[in-house]
Visitor: 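I'd like to ask some things about the structure below.
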Amino acid sequence: MKVFSDQEQQGQHNPSGFLVNGVMQPNPEKPERLERLLAGVAAGGHAVHAPTDHGLAPIAAVHTPAYLKFLSTVYERWARIPDATPEIFPNIHPDRRTASYPLSAVGQAGFHVTDMSCPIGAHTWEAARWSANCAVSATQAVLDRDNVAYALCRPPGHHCFSDLAGGFCYLNNSAIAAQYLRQTHDRVAIIDVDLHHGNGTQGIFYERNDVFTLSIHADPARFYPFFWGHAHEVGEGAGHGYNLNIPLLRGTGDDGFMKGLNEGLNVVRNFAPGAIVIALGLDAFEGDPFGGLAVSTPGFAKMARMLAALNLPTVIVQEGGYLCNELGTNLQSFLDGFEGRSA
Ligand SMILES: [Zn+2]
């Protein structure tokens with residue numbers, strides 16, 4: 001399977017912290033994740049390709065001009081503020097439905113960053129841009145002739161809305177891939193198997209019926225992202241019936257996960273997409289530091305076989321999955337499973 005990754009650009013984004021229960025902790029979305037995931041790719045014998053720079057057009061197809069201007073310029077503006085921190089953290093959030101758009105870097109950070117897990121540093125924009133380039137390059141490979149390709153995206157993307165960063169995510173790589181597939185395919189489905197609900201992806205396509213969004217995740221009633229990911233969120237307007245959330249009880253293991261996924265895939269089959277994007281979080285793993293679900297290493301291969309059985313052109317986009325000894329092995333298990341090999 002073709003793999004797209006740019007370790008140099010993507011590795012420079014190194015967020016210092018995130019706020020957990022009121023305490024600033026080391027940020028788990030570390031550059032070392034790339035190394036561990038690349039080790040899994042190498043162990044599976046997959047060829048790594050450098051992504052092509054596709055410019056801003058595929059990114060601007062799902063993100064607003066104001067947000068992209070903010071993300072690409074705010075660091076320099078913030079750095080001119082006397083005594084400002086080396087990274088941008090928001091300290092005010094508006095009621096976004098009625099708020100005016102501010103001119104200051106501080107005000108814009110509050111407008112465009114939803115939580116305290118997304119510090120913006122000197123290299124964040126370039127890393128996010130190259131992460132998106134990996135997604136677009138993998139999508140281009142699938143559109144050209146590959147049946148499947150894997151984008152090793154870091155930073156991840158599925159918590160990012162059209163104009164709102166959140167949950168370690170700055171550009172929504174899965175959404176960018178799905179929108180890019182729309183050039184050729186009338187209907188595209190995004191299948192999000194990350195531990196956390198893909199709230200940004202849901203938000204981007206919530207009123208559309210050409211991109212079906214399925215997310216299977218730990219129940220947000222007591223888990224991030226809290227405000228999204230509930231079963232009653234089914235889409236609005238033209239998008240009504242084109243968003244499906246399958247929340248699982250905390251601690252659900254392979255059997256419960258596959259049962260939920262099977263239900264979701266039956267709905268995806270009825271939608272009859274021409275191609276799919278898999279938002280591949282590996283943090284549903286039983287040993288992941290977030291500890292939300294309990295999927296096993298062979299469980300990822302099983303999950304992949306179920307997804308491969310859809311028999312559709314597929315772009316696999318890396319989302320979450322945090323440092324643990326099995327991180328690379330879990331990726332290898334998934335990729336091998338997708339190709340019908342056993343790890
Ligand atoms: Zn996650």
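Indexing begins at 1, ligand by ligand and atom by atom, following the structure's order. Below, all heavy atoms of this structure are taken into account, side chains as well, without hydrogens, waters or symmetry copies.
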Visitor: Of all N, O or S atoms in Asp194, identify the one at the shortest distance from the Zn ion (ligand 1).
Guide: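 Nearest N/O/S atom: OD1.
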
Visitor: Can you find a heavy atom in the side chain of Asp163 that is under 4.5 Å from one in the side chain of Phe111?
Guide: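 Asp163 reaches Phe111 side chain to side chain.
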
Visitor: Please state whether the separation between the Zn ion (ligand 1) and some N/O/S atom of His196 is under 2.8 Å?
Guide: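 So His196 counts as coordinating the Zn ion (ligand 1), yes.
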
Visitor: As a test of understanding, state which of Tyr206, Tyr67, Trp228 forms a ring-ring contact (aromatic ring centres under 6.0 Å, His included) with Phe161.
Guide: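 For Phe161, the ring-ring contact (aromatic ring centres under 6.0 Å, His included) check succeeds only for Trp228.
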
Visitor: What is the name of the N/O/S atom in Asp283 that sits closest to the Zn ion (ligand 1)?
Guide: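 It is OD2 of Asp283.
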
Visitor: Do the rings of His196 and Tyr224 sit parallel, tilted or perpendicular, given the 30° and 60° boundaries?
Guide: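 His196 vs Tyr224 ring planes: perpendicular.
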
Visitor: Is the Zn ion (ligand 1) less than 2.8 Å from at least one N/O/S atom of Glu319?
Guide: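 No N, O or S atom of Glu319 is closer than 2.8 Å to the Zn ion (ligand 1), so no.
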
Visitor: Under 30°, 30 to 60°, or over 60°: which ring-plane class applies to Phe168 and Phe290, parallel, tilted or perpendicular?
Guide: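 Geometry flag for Phe290 against Phe168: tilted rings.
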
